[in-house]
Amino acid sequence: MKKKVLVVDDEQSIVTLLKYNLEQSGYEVLTAYDGAEGIALVESENPDLLVLDLMLPVMDGIEVCKQLRQKQIHIPIIMLTAKDEEFDKVLGLELGADDYMTKPFSPREVVARVKAILRRAGRLEVKEPEVEEDFIELGEVKVFPEQYEAFFRGVQIELTPKEFELLVYLIENKGRVLTRDQLLQTVWNYDFAGDTRIVDVHISHLREKIEENTKKPVYIKTIRGLGYKMEKPKVT
């Protein structure tokens, strides 16, 4: 079955360009021209990914992100912005965008990012696979890197692509203190050079999904003045 992509942008030329290139790559493409229409299509059509312009009539992209996440709709989102638009990358990612691109962009790059995010995101399953494939684990957290799936206490947890990559890296380096700059360089490849706030945002999101008490984390410890360290919880 074809993956379904929703493109929301008020510029007809961009919608037409993206629709053509995505369809040529084998995707079913839905389109909308304002934020409210975009939310309605997400709810009615259940697309696999949303390509969302920041500046939209009726409701802007940030508000669309916010409302979708408030409704517990965790569709992957690629945010589109123009070079002269004010856009806080951290705010956008905090609200649930998985990636962002600046106009003008290459349609081939958009398609490549769509493919990468869909490959990593997948669709949620309720339980761990019965046939055990290669996995890494720490305490009650189990991750299947090849399938881009993560489980906590046997139930799959929903992670954005960067949250997933960060979790894998933390587990693979369990017991080591990792600086924010080190995490930024490894997981984000310096896409957010110097802006270590993005690391803190994603650590916070991970804690919400694998910690009993986010104020007293037992998996991801903050090492004051340095960064973070992931540990196996001590049995009490």
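Using a cutoff of 4.0 Å between basic side-chain nitrogens and carboxylate oxygens, Glu212 and Arg153 are scored as salt-bridged. Comment: Lys162 does not engage Asp99 in a salt bridge, judged by the lack of any side-chain N to carboxylate O separation of less than 4.0 angstrom. For the pair Lys66 and Asp60, the salt-bridge criterion is not met [side-chain N within less than 4.0 Å of a carboxylate O]. Under the 4.0 Å criterion applied to side-chain N and carboxylate O atoms, Glu211 and Lys216 are not assigned as salt-bridge partners. Between Glu28 and Lys3 no salt bridge is recorded (no basic side-chain N to carboxylate O distance below 4.0 Å). For the pair Glu43 and Lys71, the salt-bridge criterion is met [side-chain N within less than 4.0 Å of a carboxylate O]. Ionic pairing of Lys174 and Glu172 is not present here: no N-O contact between side-chain nitrogen and carboxylate oxygen is shorter than 4.0 angstrom. Of the charged side-chain nitrogens involved, none lies within less than 4.0 Å of a carboxylate oxygen, so that Lys209 and Glu158 do not count as a salt-bridged pair.
Side-chain contact check for His205 and Glu163: at least one donor-acceptor pair (N or O, by modelled atom type) lies under 3.5 Å. Side-chain contact annotation: Glu11 with Tyr33, donor-acceptor N/O pair under 3.5 Å absent. Remark: the Arg207 side chain and the Thr222 side chain contain an N/O donor-acceptor pair separated by less than 3.5 Å.
Of all heavy-atom pairs between Lys115 and Ser25, the closest is CE-CB, 4.4 Å. What you find for Gly139 and Lys232 is that their closest heavy atoms are N-CG, 4.0 Å. Here the closest heavy-atom approach between residue Ala32 and residue Leu6 is recorded as N-CD1, 4.3 Å. Scanning both residues, Cys65 and Met79, for their nearest heavy atoms gives SG-CE, 3.7 Å.
Looking at Ile39, Val42, Leu50 one by one, the single match for side chain to side chain contact (heavy atoms under 4.5 Å, CB included) with Ile73 turns out to be Val42. Partner of Gln12 under the side-chain hydrogen bond (donor to acceptor under 3.5 Å, both in side chains) criterion, out of Asp9, Thr16, Asp10: Thr16 alone. For the side chain to side chain contact (heavy atoms under 4.5 Å, CB included) with Leu183, the qualifying choice from Leu166, Asn173, Asp200, Ile198 is Leu166, the only one to do so.
Side chain of Thr179 to main chain of Gln182: a donor-acceptor pair is present (N/O by atom type, distance under 3.5 Å, no hydrogens or angles). Under a 3.5 Å cut-off, the side chain of Tyr219 and the backbone N or O of Glu140 do form a donor-acceptor pair. A donor-acceptor pair under 3.5 Å is absent between the side-chain atoms of Asp34 and the main chain of Pro57, judged by distance alone. Side chain of Asp53 to main chain of Leu56: no donor-acceptor pair is present (N/O by atom type, distance under 3.5 Å, no hydrogens or angles).
Note that OG1 of Thr186 and CG of Leu184 are 9.0 Å apart. Values are rounded to the nearest 0.5 Å. Note that the CG atom of Leu159 and the CD1 atom of Ile210 stand 9.0 Å from one another [nearest 0.5 Å]. Interatomic distance, CZ of Arg113 versus CE of Met101, reported as 4.5 Å (0.5 Å rounding). In this structure, CG in Leu68 is found 8.0 Å from CG in Leu52, a value given to the nearest 0.5 Å. Once rounded to the nearest 0.5 Å, the distance linking CG of Leu206 with CZ of Phe164 reads 11.0 Å. Atom CD1 of Ile220 is separated from atom CD1 of Ile203 by 4.5 Å, given to the nearest 0.5 angstrom.
Ile75 and Met59 fall within the same hydrophobic cluster, where Ile, Leu, Val, Met, Phe, Trp and Tyr residues are linked whenever their side-chain heavy atoms come under 4.5 Å apart, directly or through other members.
Using a 4.5 Å cut-off on side-chain heavy atoms (C-beta onward), Glu149 and Gln156 make contact. Contact annotation: the side chain of Tyr27 never approaches that of Asp48 to less than 4.5 Å [non-hydrogen atoms, C-beta and beyond]. Between Leu18 and Leu80 there is a side-chain heavy-atom pair separated by less than 4.5 Å. Side-chain contact between Leu178 and Leu170 is present, with heavy atoms from C-beta onward closer than 4.5 Å. No side-chain heavy atom of Lys4 sits less than 4.5 Å from a side-chain heavy atom of Asn46. Pro145 places none of its side-chain heavy atoms less than 4.5 Å from the side chain of Asp134. Counting heavy atoms from C-beta outward, Leu30 and Val7 have side chains that stay 4.5 Å or more apart. Taking the side chain as every heavy atom from C-beta outward, Leu167 and Met230 approach each other to under 4.5 Å.
Remark: Glu45 pairs with no residue by the side-chain hydrogen bond (donor to acceptor under 3.5 Å, both in side chains) rule, at least two apart or across chains.
Aromatic ring centroids of Phe151 and Phe144 lie under 6.0 Å apart.
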- prompt: Does the pair Val177 and Tyr228 meet the rule for a side chain to side chain contact (heavy atoms under 4.5 Å, CB included), with working shown?
  reply: CA-CA 6 Å; Val177 177; Tyr228 299 98; over 6 Å; no

